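Numbering starts at 1 and runs along the sequence shown. Given the structure is predicted, the values throughout are model-derived calculations rather than measurements.
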Amino acid sequence: MEKAPPTKRPRYDAAFRAEALRLASESRSTLAAARALNIDAKRIYAWQKAAQQPLPADPAEATEVRALRVANKRLAQELDILKKAIAIFSHPPTQ
């Protein structure tokens with residue numbers, strides 16, 4: 001019985017990675033972006049982690065950076081919700 005030849009792992013260039021990260025940040029979830037690009041979601045999560053700036057060595061600064069990242073994410077979600085609400089309410093009602 002012969003073994004199947006090992007499959008090569010696909011390599012993605014920097015432009016594809018940047019586009020995947022942009023799509024993941026703009027879509028409702030990273031999983032949805034991964035499905036749209038037909039790649040594994042774990043790969044996008046790894047790219048997101050690699051693209052993040054490292055935390056400072058000082059524990060007080062690291063705590064502050066974490067809190068600011070959480071607040072920034074929350075504010076981005078609120079802004080996205082407001083944009084969707086504007087789009088919904090800007091259409092005139094149909095009769």
Side-chain angles (χ1 to χ4, degrees):
M1 193 149 79
E2 291 184 27
K3 282 187 172 181
T7 58
K8 286 189 175 183
R9 225 173 35 162
R11 298 262 182 214
Y12 300 104
D13 60 348
F16 181 83
R17 289 180 185 187
E19 181 64 20
L21 290 174
R22 184 194 63 77
L23 184 63
S25 67
E26 290 178 358
S27 69
R28 49 181 191 173
S29 73
T30 302
L31 187 59
R35 284 188 194 134
L37 295 170
N38 198 24
I39 61 174
D40 189 24
K42 290 179 184 179
R43 190 173 305 265
I44 295 181
Y45 288 126
W47 293 343
Q48 287 172 335
K49 187 175 181 180
Q52 250 187 0
Q53 295 291 326
L55 290 174
D58 182 27
E61 284 184 37
T63 304
E64 183 180 6
V65 168
R66 281 191 198 102
L68 289 172
R69 285 181 181 170
V70 168
N72 188 23
K73 187 175 182 179
R74 191 189 86 246
L75 290 172
Q77 290 173 340
E78 289 176 3
L79 179 64
D80 192 38
I81 290 169
L82 290 173
K83 285 180 182 179
K84 290 176 184 177
I86 289 172
I88 291 171
F89 290 118
S90 65
H91 294 291
T94 56
Q95 296 284 326

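When hydrophobic side chains of Ile, Leu, Val, Met, Phe, Trp and Tyr are connected at separations under 4.5 Å, I81 ends up as a singleton with no cluster partners. Here L79 is tied to no hydrophobic group at all, with no ILVMFWY side chain closer than 4.5 Å.
Listed by first then second residue, pairs satisfying salt bridge (Lys or Arg N to Asp or Glu O under 4.0 Å) with a partner in residues 81-92 read D80-K84, not counting sequence neighbours.
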Could you list the donor-acceptor pairs under 3.5 angstrom formed by side chains in residues 59-74, with sequence neighbours left out?
unit_1 : atom_1 : unit_2 : atom_2 : d
T63    : OG1    : P59    : O      : 2.8
R69    : NH2    : Q53    : O      : 2.7
R74    : NE     : E78    : OE2    : 3.2

Donor-acceptor contacts under 3.5 Å from residues 36-49 side chains, at least two apart:
unit_1 : atom_1 : unit_2 : atom_2 : d
Q48    : NE2    : T30    : OG1    : 3.4

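Considering only residues two or more places apart in sequence or on other chains, R22 meets the salt bridge (Lys or Arg N to Asp or Glu O under 4.0 Å) condition with E19, E26.
There is a path of hydrophobic side-chain contacts, each under 4.5 Å, that joins L23 to F16.
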